[in-house]
Number of protein chains: 2
Amino acid sequence: MTVLQGRLADRDSWSPVGRCPIEKTMGLVGTKSAMLIMREAFYGTTRFDDFARRVGITKAATSARLSELVDAGLLAKQPYQEPGQRSRDEYVLTEQGTAFMPVVWAMFEWGRGYFEDTRLRLSHQGCGAEATVEIRCADGHHVPPEELAVRVAGRRT
Amino acid sequence: MTVLQGRLADRDSWSPVGRCPIEKTMGLVGTKSAMLIMREAFYGTTRFDDFARRVGITKAATSARLSELVDAGLLAKQPYQEPGQRSRDEYVLTEQGTAFMPVVWAMFEWGRGYFEDTRLRLSHQGCGAEATVEIRCADGHHVPPEELAVRVAGRRT
DNA sequence: CAGGATCCCTAAGGATACTG
DNA sequence: CAGTATCCTTAGGGATCCTG
């Protein structure tokens with residue numbers, strides 16, 4: 001138990017800093033379909049119908065989710081044109097969207113272990129070694145859960 | 001774009017390996033309240049009413065979510081007894097639950113940047129340095145998004 | 001303190017049909 | 001291909017009241 005954990009545990013809500021970033025993040029992209037669309041976008045999917053089919057949701061849901069993700073700035077809508085066709089839009093990851101991927105891969109990794117799915121692995125392309133999601137500090141140490149603290153600006157905690 | 005990303009992009013659904021771990025994970029703990037309860041459990045909250053109050057949900061929702069998390073094995077229900085009181089239950093993180101924390105902190109980190117919340121920081125207690133969630137390979141390299149690949153067992157990809 | 005019961009509202013999302 | 005529109009079901013979750 002870290003010092004801060006002890007302090008944070010003594011409170012009525014997450015009041016010290018207003019609403020917690022986790023809560024806000026879940027409010028923005030906290031649905032299964034949004035998470036899977038982000039996965040697809042990372043895999044290189046850009047077309048509306050491909051998202052719908054590969055994620056396994058209806059077009060209505062696809063439309064709603066893509067719009068939300070574009071509005072939130074995780075995806076960008078870009079026009080493209082195939083010869084002889086009218087102009088259409090495709091959806092690509094933005095910088096904010098790419099920054100979101102650790103969330104997706106953390107879920108992937110946990111689910112892989114939890115559901116004992118041994119067929120899948122994250123790997124570092126090129127070097128070929130297995131990759132995992134982990135918490136590290138600026139000094140380069142791996143940070144196990146019991147050594148992780150949350151600091152509120154200014155305070156010592 | 002990695003090799004696997006290219007290959008995975010050419011498919012109808014996530015068929016090569018059945019349902020994806022991300023999807024299964026979201027099915028299990030993909031609600032805002034479940035995520036916040038996990039945060040609270042990490043902070044050291046163990047009592048029913050504390051969860052309800054600090055997460056900001058009703059007791060009915062608290063009851064439902066805690067039961068699901070216990071059934072899923074992320075939390076364990078343990079009896080405790082205060083002098084002069086009847087026996088009650090408290091909820092503590094299991095190993096599976098602790099393993100889930102990278103998901104929670106990845107959301108925390110992304111939300112912190114996205115919502116520009118500068119008051120909060122993850123830190124490595126003791127060494128005091130800032131901590132972040134990142135993807136690294138077994139050879140010790142930091143793995144940027146463009147170098148990350150997903151491998152399906154046996155296949156080269 | 002730790003819930004369960006009941007009622008109600010909203011969002012996610014499936015099914016189906018229709019458009020440019 | 002890229003959507004929009006309509007209808008319907010289910011789950012999350014608030015409010016309120018009650019119990020051991």
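Naming convention: chains lettered A, B, ... in sequence-line order (proteins, then strands); numbering from 1 in each chain.
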Least distance between heavy atoms, B:Ala131 atom then A:Val143 atom: CB-CG2, 4.4 Å
Between N or O atoms, less than 3.5 Å apart, protein on one side and nucleotides 3-10 of chain C on the other: list the pairs.
unit_1 : atom_1 : unit_2  : atom_2 : d
C:dG3  : OP2    : B:Tyr91 : OH     : 2.7
C:dG4  : OP2    : B:Ser63 : OG     : 2.4

Identify, with sequence neighbours excluded, every residue that meets side-chain contact (heavy atoms from CB on, under 4.5 Å) alongside [X].
{"X": "A:Arg88", "value": "A:Tyr80, A:Gln85, A:Arg86"}
{"X": "B:His141", "value": "A:His124, A:Cys127, B:Cys137, B:Asp139"}
{"X": "B:Ser87", "value": "B:Pro79, B:Gln81"}
{"X": "B:Ala61", "value": "B:Ile57, B:Thr58"}

Show me the donor-acceptor pairs, under 3.5 Å and distance only, between side chains in residues 95-109 of chain A and residues at least two apart or in other chains.
unit_1   : atom_1 : unit_2   : atom_2 : d
A:Thr98  : OG1    : A:Thr94  : O      : 2.9
A:Glu109 : OE1    : A:Arg112 : NH2    : 3.4
A:Glu109 : OE2    : A:Arg112 : NE     : 3.0

Protein-nucleotide distance ([X], atom [atom1]; [N], atom [atom2]), rounded to Å:
{"X": "B:Leu75", "N": "C:dA2", "atom1": "CG", "atom2": "P", "value": "15 Å"}
{"X": "B:Gln78", "N": "C:dA2", "atom1": "CD", "atom2": "P", "value": "14 Å"}
{"X": "B:Arg47", "N": "C:dC1", "atom1": "CZ", "atom2": "P", "value": "9 Å"}
{"X": "B:Asp50", "N": "C:dA2", "atom1": "CG", "atom2": "C1'", "value": "11 Å"}
{"X": "A:Met26", "N": "C:dA11", "atom1": "CE", "atom2": "P", "value": "16 Å"}
{"X": "B:Arg53", "N": "C:dA2", "atom1": "CZ", "atom2": "P", "value": "10 Å"}

Identify each donor-acceptor pair in which a side-chain atom of residues 70-78 of chain A lies under 3.5 Å from a protein atom, sequence neighbours left out, and give them as a table.
none

Under 3.5 Å, which N/O atoms of the protein pair with N/O atoms of nucleotides 10-13 of chain D?
unit_1 : atom_1 : unit_2  : atom_2 : d
D:dG13 : OP1    : B:Ser33 : OG     : 3.4
D:dG13 : OP2    : B:Ser33 : OG     : 2.4
D:dG13 : OP2    : B:Arg65 : NE     : 3.3
D:dG13 : OP2    : B:Arg65 : NH2    : 3.4

Any residue meeting side-chain hydrogen bond (donor to acceptor under 3.5 Å, both in side chains) with B:Thr46, in chain and number order, not counting sequence neighbours: B:Glu90
Side-chain N,O (A:Tyr80) to OP1/OP2 (D:dC1) below 4.0 Å: no
Sugar-phosphate only, base, or nothing, as touched by A:Gly56 at under 4.0 Å among non-hydrogen atoms: sugar-phosphate
Heavy-atom side-chain contact between B:Val55 and B:Thr62 under 4.5 Å: no
Helix axis bend for the helix from C:dC1-D:dG20 to C:dG20-D:dC1 - C1'-based end axes, five pairs, 10° rounding: 40°
Pairing residues for A:Phe48 by the ring pair (Phe, Tyr, Trp, His ring centres under 6.0 Å) criterion, not counting sequence neighbours: none
